[in-house]
Amino acid sequence: MLDRYLPADFEPQWRARWKEADLFLTQIEPGRPKFYGLDFFPYPSGAGLSVGHCRNYVPTDAICRMKRMQGFNVLHPMGFDAFGLPAENEAIKRQRHPSEMIEEYAANYRSQMDLIGISYDWSRSFKSSDPDYYKWTQWIFKLLYERGLAERRMAAVNWDPVDMTVLADEEVIAGRAERSGALVEKKYIPQWFFRITDYAQRLLDDLDDIDWPEGIKQMQRNWIGRSEGVEFEMEVVIDPESIRPKEDDGDLEIEVLEKPLKFRVFTTRIDTIFGVTFCVLAPEHPVVDQILKRVNSQRKTEIDAYRQAAREMSDIDRQAVGREKSGVRTGALAINPLTNEAVPVFIADYVLMGYGTGAIMAVPGHDDRDFEFAEKYDLDVRPVIAPEGADELPDLPFSLKEGVLINSGDFDGCSVADAQAELGQWFETNEIGERKVNFKLRDWLISRQRYWGCPIPIVYDKEGHAETVPDDALPVLLPDVESYEPSGDGTSPLAHMEEFVNVTTRDGNLGRRETDTLGGFACSSWYFLRFCDPFNEDKPFSPESVAEWMPVDCYVGGAEHAVMHLLYARFWTKVLYDAGLVSVKEPFQRLKNQGQVLGHTPYRAPREGEKLGVGEEGILISYQEAEVLPAEDVIWRWVRMSKSKGNVVTPNEAVEQYGADALRLHELFVAPFDQSVNWTNEGMNGTARFLSRSLKWVSDGRNHFESEWSNRIDSAPADERSKRIRRVTHQLIAKAESDIDRFSFNTYVAAMMTALNSYAELGFAEQMSDAERLAWSEALESFTLVLSPGAPHTADEMWEGLGHFGFTLEATWPQSNASLAADDQITVAVQVNGKLRDTIAMPAGAPKEDMEEAALASEKVQSHLSGVTIRKVIVVPGKLVNVVAS
RNA sequence: GCCGGGGUGGCGGAAUGGUAGACGCGGCGGUCUCAAACACCGUUGGCAGCGAUGUCGUGCGGGUUCGAGUCCCGCCCCCGGCACCA
C-alpha cells in the first residue's frame, strides 16, 4: 500500500473498482432501518460544477456512507432538473437543441460527481425531460385537475418581457423577474393555476412538525402570511356636495341608482373601529365603477385620471420604498356600522386589490400608512388605544397590541384582546360581518409560454371546454422541432405547430391542444417520489416503495429555494397524501442548507465616464488584469462563485492538484456546514497532509495488525498502553458518529486529526504486549472505517493495506464502547474566586472530599488564600473546585 | 421598518453554565538538503517579565451566578429574507 497521499496513484483505481462492483446500487434488505439522503435536484448548467456545488454533495455523501455502514438501507439517488427556462435560454444562446444539450451537460455533471467519489445510485437516475418521467408529471397534473386543484382562469399575471412568458408570484422579486431581471408587466390573459391557497393552513401548520432551519420555516410562514381579523360590510352614500345633479341622470336607470352601494373591508384590528376617520379603496375596486355613476363630473374626472395613472404604473414603481402616499376623494361616504358615522371614501394605490377585499377602514391614529395619508389630506386622527396605566399617550401614530380602549363609547377601558373578541361577536350577531382568516399566499401560476417544458395534458373542444387527455394517451410528447424560440405574443411556440395543436376530443370531434407548458417547478415537485420507484411503468410510483423510503430523512441544498421548490413540493405531497398515494404529509423530514462558497474576485473602481450598474460595487476585472494593475487600484471581494465572475474553482482542478479525498475532507473541514466559505486552494494542503500522515501511520502499523483482533481483545489482559490506545479509538468512534449525525462535519474531521495525533504520540512500541498489539489492530481498523465516509478512496486503500478484501462501504461501522472511552484520569481545574489557579490530576471518579482536599493542598492555591477566609468550596465532580474566599 | 442568523487569535473555527482558543491554515525557529520544495520536530492570543508567574481578553453597557463566549435586559455592527398584505 501507499505510505503517502499520492492521489493520482490510487484514487482513480478505486473509483473504477467501485463502478465495476456496482457498489452504489441501492440495496434493500428486509428488517433494516432505512435512510433516504437527497440533494436538491440540480439543473445541469454548461459551466459544470464548481467546488461550491460540492459543498452539499460531499456532506450528504458522507452521511449516506456512514448510514450504509451502520446497517441502514440507504437511498442516495441523483437526477437532473432538465426542463425549464434556464435550459431553454442556454440552448437558444448556443443555437442548440435543449434536449441534446442537456444530455451532454448532465453527463458532464455526472462525471464530475463521480470524480469526487459521490456514492449515487445512477441506475435510478432520470431527467425531468425524459418522457418516462414527464408522463407521470402529466398524470399528477390530471390528478390535481380532477380534484379541482388545477384550473384555467383569467387573471392579471406577471409577464416577463425578456423571457416572454408569465411567471409565478414567487418568481418575481420586488417587481423584477428573478431570473431575467426584467421589470415584469401586467397582462390580463387566461392562465393555469394550482390552487395552493386551499392548502395554506396545512402548509403553515405542518411546519411545526419538521426539522428545518428556523429561517426557512419563518420565510415560508411569512410567504403564506396568515392573519386573523374581521371582514364586514360598509354602506356607501354620496356626499351631497359631490352628488351628480338630477338633470344629468339622462339614460341611467332609476333602479341602478337606488340599488344600495356597499363594500367589504378586512381588518386585523377591529378594536380600533372607533378610530376610523376615512376609508380607502384600491383604484381597481369594482365599487368605484358604481360610485362614478353617482358623482358629479368634477369627481368623475379626478377619479378617472387617478385610476388611469395607477393602471399605467408598473408594480415596481407603485411599490417603491418611501414613495409618498397619493389618492383622490371619491365623493362617497362610508357608514361606520358601529357608530353610524359617515367618513369620506378615497381611492389610493397603497391599498392593493389583490389582498383581502381591496378596501380598508383607515385608522390613522394607529397605522403608519393611514397616518401618512391623513397628514397629506388633512384628515382627522383619533387615538382609540392607550397604554395600560399610562398618563400620556405616545406620539401618534402608534401600534399597540396590548392596551385599553379610549374614545370608544361603551368599550372604553376594555382591553384590546377583549374588544377584539366582543366586537367580532357583535359583527356576527348583527350579520354585518364575520371573523375571517386571510392569507397572503396566492395561487401558483404554473403555465408558461415556452417550448422546453412538460406539455399540459388538456384538449379544448370547439366551444373551448377543457378536457383531460386519457391516461392511455399519455405522455403528450413534446414535439421535437428545430425552431422553438418564444413567439412573444403571449402564446407558446407550440401554438404555431399545427400537427401538435390539432387533435380529436374524446368524443371524436376536432379539438385543440393546450399549448402552454408547465413551469419547471412542477417537474421538481415530485421527483423525490419517483426515485423511490424509478422503473415503474404502470404508475408514477407504487405505494409500497414510497412507504418504504419516504420521507426524505436528510434533504440538502441551498437556501435560495426557501419558498419556491420547497413550498410547491410540500403542496404536491399533501395532495398526493389526500389522494391516498403517499403515506406522508411532509416530504422532507430534515432539511439542511449548506453555506455558500465564495471566490476571491478582483474589481476596480470605475474610471471617468464609466457607470456602475444597480447594486454593483466596482468593475469586475480578470485575474490577469488584476496582476497588471497597481495593487492599490484593485479591490478584492469575496463573491459567490460563478462562471460570469471568472472566480470558479472546479472540482477537476482541485482533484488534479490536491486529490479527491483532500478536496472532500477540505469541503467538510473548512467551516461549519451552513456557513459561507472564502475559498482558497491552499486549505487543501492541510487535509492532504493529514491523509499522508494517515497512510503513513497505517502503513507502519500494519505489520502489527492482527485481523482476528476482535475475537481476542476482550480476553487479553489490558495494560496501561493498550487502555490508552483503546480510549483514543473509542472516543473517536463516538465523536465521529454523533458529529456526522448532527452535520458537524468540521469537528468530525478535527476528531480524526486529533486521534491520529494521539496515536502518533503513543507510537508503536518496539516490544509490544499482546494487549497492545490487539489495541493497535482495533485502532488501525476503526480509524480506517471512521475515515471512510469522508475520504473513501484513502480508506479503501488502507483497508486493503490491512489485508481486507472488498470495500469499507460494505464493512460494518465500528461500535464505540463508553466504558473504554472513559478517561481514568481527570484534570481538575482549581479556581480561587472563579479564577483558575491550578490544575490537578486525579483518578476518575474521585469523591468530592478528595477533590476538595487536593485543591486546598495545592501550593498555588494556598498562595492565593493567605490572609483571606474561605467562605465556601464548590466542587463539581470530575471537573473543578472553586474556593470562594474573602 | 419587520423576521431570521451571526460577531471568539493574523485567518477558518472549537467549547452539555465549569481550565476560552480543540483541530487546521498561516507565521516563527530548527532537522534533512549543495540549495529549495516536500516531509518531520518545536513554537505561536495581547501586554509585562530572563523566568516562575502575573495581568488583560469571546462586539459594547448592565445584570443573574461561587463561576458567563454560553443565561437575562438594553444597545452597536455584519449577513440573509420580506417589505404599503390592512
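As the structure is a computational prediction, the values presented were derived from the model and not from experiment. Letters go in sequence order (proteins before strands), and every chain restarts at 1.
Residue Ser227(A) places at least one side-chain N or O under 4.0 Å from the OP1 or OP2 atom of A86(B). Regarding contacts with the backbone of A14(B), a side-chain N or O of Asn746(A) is found under 4.0 angstrom from either OP1 or OP2. The phosphate of G12(B) has neither OP1 nor OP2 within less than 4.0 Å of any side-chain N or O from Gln675(A). Taking side-chain N and O atoms only, Arg837(A) has a distance below 4.0 Å to OP1 or OP2 of G54(B). The phosphate of G24(B) has neither OP1 nor OP2 within less than 4.0 Å of any side-chain N or O from His666(A). A close approach under 4.0 Å does occur between a side-chain nitrogen or oxygen of Lys860(A) and OP1 or OP2 of U53(B). Applying the 4.0 Å criterion to OP1 and OP2 of G24(B), one finds that Asn757(A) has a side-chain N or O inside that range. Arg689(A) has a side-chain polar atom (N or O) that falls below the 4.0 Å cut-off from OP1 or OP2 of A39(B). Neither OP1 nor OP2 of C2(B) sits under 4.0 Å from any side-chain N or O of Arg221(A).
To the nearest whole angstrom, the two C1' atoms, one in G5(B) and one in G67(B), are 29 Å apart. The gap from the C1' atom of A22(B) to that of A14(B) amounts to 5 Å, rounded to the nearest Å.
Here the CZ atom belonging to Arg4(A) is positioned 11.0 Å from the NZ atom belonging to Lys696(A), to the nearest 0.5 angstrom. For the atom pair Thr197(A) OG1 and Ile224(A) CD1, the distance stands at 11.5 Å (nearest 0.5 Å).
The CD-P distance, from Gln831(A) to U65(B), rounds to 17 Å in whole Å. Residue Lys879(A) contributes atom NZ, which lies 19 Å from atom P of G67(B) at whole-angstrom precision. Between the CD atom of Glu372(A) and the C1' atom of A83(B) there is a distance of 14 Å, given to the nearest Å.
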Start with the C-alpha gap between Val384(A) and His366(A), add the side-chain angles, then the distance that decides, and say whether side chain to side chain contact (heavy atoms under 4.5 Å, CB included) holds. CA-CA 8 Å; Val384(A) 290; His366(A) 304 291; 3.6 Å; yes
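Checked for salt-bridge contact, Arg176(A) and Glu178(A) miss the test: no charged N lies under 4.0 Å from a carboxylate O.
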